Amino acid sequence: MSRNGHIHLNCELGSIAIITRSKFSVNRGIIVKVIEPMGLMRWPGIDYGVIPVWRVEVMCKKTKLCYHLPQKGELRRERTGLIPDRYLRAITPLTGQLRFEFED
């Protein structure tokens with residue numbers, strides 16, 4: 001977060017992005033479209049509060065995101081899913097108009 005309270009985002013609504021970090025290495029490098037802001041959420045493996053999270057959709061028809069559902073003990077593969085902003089790098093230029101989506 002910047003000194004003026006704004007959250008610096010890597011992506012915005014409609015961005016095309018690449019997944020740069022993930023618990024599962026198979027998710028890294030997948031190209032996604034940011035389709036919905038999910039707000040500030042806690043994320044497994046990140047212990048310092050809430051972070052901005054997006055709902056994304058995989059751009060390649062043959063590719064899916066890998067998620068582990070610990071309560072069900074299963075591994076799922078989905079075409080849409082949630083990804084923290086910090087795990088994404090925008091490919092398309094940002095306009096900066098939607099950074100306020102995650103601000104209090």
Side-chain angles (χ1 to χ4, degrees):
M1 192 174 294
S2 70
R3 282 188 255 168
N4 62 3
H6 296 292
I7 297 173
H8 297 287
L9 296 175
N10 293 325
C11 297
E12 64 185 10
L13 188 62
S15 291
I16 304 299
I18 186 168
I19 298 174
T20 58
R21 291 176 40 193
S22 175
K23 179 178 181 177
F24 296 102
S25 61
V26 296
N27 289 342
R28 290 186 211 128
I30 294 176
I31 306 296
V32 296
K33 182 175 183 176
V34 175
I35 57 174
E36 181 181 10
M38 299 307 294
L40 297 171
M41 301 172 66
R42 295 195 181 280
W43 193 260
I46 298 176
D47 298 329
Y48 47 88
V50 294
I51 58 171
V53 175
W54 297 104
R55 181 176 306 281
V56 299
E57 180 177 27
V58 175
M59 298 293 292
C60 179
K61 292 182 181 180
K62 296 180 181 180
T63 305
K64 293 186 178 180
L65 298 170
C66 185
Y67 289 99
H68 179 248
L69 303 177
Q71 293 175 343
K72 294 184 177 182
E74 67 182 70
L75 200 59
R76 291 189 110 170
R77 301 191 55 83
E78 304 284 341
R79 296 230 353 107
T80 62
L82 303 182
I83 300 283
D85 181 77
R86 68 176 353 139
Y87 290 5
L88 298 171
R89 183 75 53 220
I91 296 171
T92 54
L94 299 178
T95 65
Q97 295 176 356
L98 295 174
R99 68 180 176 161
F100 302 107
E101 194 68 42
F102 289 102
E103 294 178 356
D104 293 332

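Counting from 1, the numbers follow the sequence of the chain as shown. This structure is a prediction, so every number in the text was calculated from the model and none was measured.
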### Message
What verdict does the side-chain contact (heavy atoms from CB on, under 4.5 Å) test give for I30 and V56, after you've listed the backbone C-alpha separation in whole Å, the side-chain angles of each residue and the deciding distance to 0.1 Å?
### Response
CA-CA 11 Å; I30 294 176; V56 299; over 6 Å; no

### Query
Hey, is CZ on R28 packed in by over 12 heavy atoms from elsewhere, all under 6.0 Å?
yes

Note, [X] side chain near [Y] side chain (heavy atom, < 4.5 Å):
{"X": "N27", "Y": "I83", "result": "no"}
{"X": "I31", "Y": "C60", "result": "no"}
{"X": "R42", "Y": "V50", "result": "yes"}

Can you hop from [X] to [Y] via hydrophobic side chains spaced under 4.5 Å?
{"X": "L40", "Y": "I35", "result": "no"}
{"X": "M38", "Y": "V34", "result": "yes"}
{"X": "V26", "Y": "M59", "result": "no"}

How long is the gap from [atom1] on [X] to [atom2] on [Y], to the nearest 0.5 Å?
{"X": "C11", "Y": "Y87", "atom1": "SG", "atom2": "OH", "value": "14.0 Å"}
{"X": "N10", "Y": "T20", "atom1": "CG", "atom2": "OG1", "value": "7.5 Å"}
{"X": "H8", "Y": "R86", "atom1": "NE2", "atom2": "CZ", "value": "12.5 Å"}
{"X": "L13", "Y": "K33", "atom1": "CG", "atom2": "NZ", "value": "8.5 Å"}

### From L88, T80, I91, I16, residue fulfilling side chain to side chain contact (heavy atoms under 4.5 Å, CB included) relative to V32
L88

### Message
Can a donor-acceptor pair be found, under 3.5 Å and without considering hydrogens, that links the side chain of D85 to the backbone of I51?
### Response
no

### Message
Restricting to non-hydrogen atoms, name the atom on S15 and the atom on T92 that form the minimum distance, rounded to 0.1 Å.
### Response
CA-OG1, 3.6 Å

### Message
Show the nearest heavy-atom pair for residues L82 and M41, with the distance to one decimal.
### Response
CD1-CE, 4.0 Å

### Query
Between R79 and K64, is a side-chain contact (heavy atoms from CB on, under 4.5 Å) present by the stated rule, with each step listed?
CA-CA 5 Å; R79 296 230 353 107; K64 293 186 178 180; 4.1 Å; yes

